[in-house]
Amino acid sequence: MTRSATWRRALGLAVAGLSMMTASAALAATTVTVWCWDTNFNGAAMREAAARYTAAHPDVTINIDDSMAQNDIRAKLQTQLLANDTTGLPDIALIEDDVAQKYLQSFPNAFVPLSDSIDMSQFAQYKVTPATSNGKSYSLPFDSGVTGLFYRSDYLEAAGYKAADLQDITWDQFIDIGKAVKAKTGHNLIGLDQSGDGLIRIMMQSAGRWFFKDDGTLDILDNAPLKAALETYAKIWQADIVKPVAAGSWADFTGSFTSGDTAVAIDGVWMTGTVKSQPDQSGKWAIAPIPKLAGVDGATHYSSEGGSSWYVLSSAPAKDAAIDFLKTIWAGDKDFYQKILVGQGAYSAWMPAVDGDAYKSSDAFFGGQPVWANFSEWQGKIPGIQYGLYTDEVNSAVVAQFPALIAGGSVDDALKAINDQATQQMQ
Amino acid sequence: MAAGRLGRSEQINGWLFIAPALVLLGLFMIYPIVWSLWMSFQVGKGMNLAFGGWANILRLTKDPVFVHALVNTCIFFVVQVPIMIVLALLFAVGLNDPTLRLRGLFRTAIFLPCVTSLVAYSTLFKSMFSLDGIVNKTLMFLHLTATPIPWLQDPFWAKVLIIIAITWRWTGYNMVFYLAALQNIDRSIYEVARIDGVPAWARFTQITIPLLKPVILFTTITSTIGTLQLFDEPKNILDGGPADATLTLSLYIYNLTFKFMPSFGYSATVSWVIVVVVAILSLLQFFVARERRPAA
């Protein structure tokens, strides 16, 4: 009897002790979970930010999960928010700008309006616009998507072109350069995947237009930049200066220029890290503004592609800590942005960071060109647009017309087909 | 009286025994199927669903992507299923020859693809069929082609690649059915035919094929159903590309739910289209086979 009573008491004490320990631990420690998708890029930048924040806030633990692909994160968010079950969702998620509105409007209360606590005027406005809904902005802009024309200066030189020849050119001149490069060096100009319409979107935003009107309805049939972009796209293929890339394969796409096969890459500034992945190509690369659509009103040399931003979920248990973390580091630490620029090539959309020293440095890989200063000049001139809700749907409709266009089909027929398909998909 | 009570309690016990399985089956099989049928009449984005009557069916008739996906899917099974069935039959007859050495090894080798993971082999095919992959290198080494074939870049070759991939994956599986059926054919029939001087080819077409007809029918139906549900290979090798060239109905359903603004109602409608097509084709195949049986 007595023995069992002692046992019971000891057990009771142990249980009480355990529960006290967990209770005090819960009081002290907050865990913020972050989802992003690129270990070497946004994952690494986030880890740097987390290290800085937790040094000053030892009570907060920041868990960064960058094991998933971007599409997996999108599918997970979409499925769970639809099922109205937020268990297991993170506190902070990284979402690409051109699909943000879909989440904001389909799930109006799922994300925290960060403009309530963070001053959005300090960020590049073309990054804030896509995340704004009903006058509130929901994201903390991460990397800029400012585009540039990355090119192999050695190939172009062999074909007789100097850096000055790439300033202020049109897409037609760009194609001529491609033909000359192919004739002289045997290298194709650019790698393209018929399953992706990134180039079309770059051209369109450079002219300040997208697939939709202000009221959200389709803007396809009389869309001059889209028409010009499709014509240009077909011409690039027909000029026989394209290395075809395996459908949907990112590795094959980046491999087309890192392997030295093609002469240029037209993409967002975030591609800098990938371009620099082959140290033996140091000094053989340079950057220029992207070509311009000729004869289109409002056409510029500046565009944006594939930048992303941080969102805090309303359901998050640690959302206050998450907001404070974003505010302290991502909207307040100038030194942090210098570090991730040099380390990851993550180009800030937070304007005060752009004054820092790293942003003035030049890069031997690009032949000593002050690349960051160039990008920062171009970033200020990107036309801001609303990406709307149905960018994915229209992308699919555009891509479906590529084979016909490349084979020489009529652009007006393609526009009509895109309009028909997108109208169906947007129901 | 007593016997009746016993009968009833046995009945109750019987129902109790199958109840757990029945509940699980109802919850995870029948309920979702009925629910998806109900959903196929709903319209709207995300969770804002409303009853739409025939709206989704009308939308089907005007949806170019649906038609495109349906045509792609049909091309796959019209081209691929016959190739695979014939190959499987030839392999089975060849490997059934008792004089063939290393039969076990060949049988295993041909069956092995179908125990591999769909995703794993898709990824492998993707690298093997790339422009500088082993397949193109081999073809060029043998001087069968001067320039690498754009398996992953060209809409036509992408379709060919998918057909090659699923044929590789499933031929062995169908071959096993034929092998099993061939074991059941009485050897004496062949002996008699040989004594009567029937040549080998006629023995194959006049004896083997008619006797295998039920199995051929079975494999044709299951292969057709499998091809109609094709998803893993186009998704993992080409993601439906280039430019929707390998978009199948299943992949379209996935896109409608997880890639685009989710329209659950419409994607449920498309999934019921697959059900209807499978039912029609199966009936058709039964009908064709049944008609010939009395004549044979």
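Both backbone and side-chain heavy atoms feed into the values below; hydrogens, waters and symmetry mates do not. Note that the structure is a prediction, hence the values are computed from the model and not measured. Note on naming: letters A, B, ... go to the chains in the order of the sequence lines (proteins, then strands), and numbering restarts at 1 for each one.
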(Q) Walk me through whether N71(A) and F258(B) qualify under side-chain contact (heavy atoms from CB on, under 4.5 Å). (A) CA-CA 9 Å; N71(A) 280 337; F258(B) 298 108; over 6 Å; no

With a cut-off of 6.0 Å (strictly less than), are more than 12 heavy atoms of other residues, nucleotides or ligands near [atom1] of [X]?
X       : atom1 : result
L22(B)  : CG    : yes
Y173(B) : OH    : no
D280(A) : CG    : yes
N134(A) : CG    : no

Is it the backbone or the side chain of [X] that comes under 4.5 Å from a heavy atom of chain A, or both, or neither?
X       : answer
F156(B) : neither
P150(B) : neither
L247(B) : neither

Q: Locate the shortest heavy-atom distance separating A247(A) from P242(B); write the atom from each residue and the value.
A: CB-N, 3.6 Å

Would you say the side chain of [Y] lies within less than 4.5 Å of the side chain of [X], judging by non-hydrogen atoms?
X       : Y       : answer
Q194(A) : D154(B) : no
F260(B) : S396(A) : yes
V65(B)  : Q425(A) : yes
Q153(B) : D252(A) : yes

Q | Pairs of heavy atoms under 4.5 Å with chain B: top-ranked of E393(A), K102(A), Q105(A), R74(A) | A |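 Of the candidates given, the most pairs with chain B belong to E393(A).
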
Q) Is it the backbone or the side chain of Q78(A) that comes under 4.5 Å from a heavy atom of chain B, or both, or neither? A) side chain

Q) Any idea which of T246(B), D63(B), T257(B), V43(B) has the most non-hydrogen atom pairs under 4.5 angstrom with chain A? A) D63(B)

(Q) Return the NZ to CG distance between K259(B) and N395(A), rounded to the nearest 0.5 Å. (A) 7.5 Å

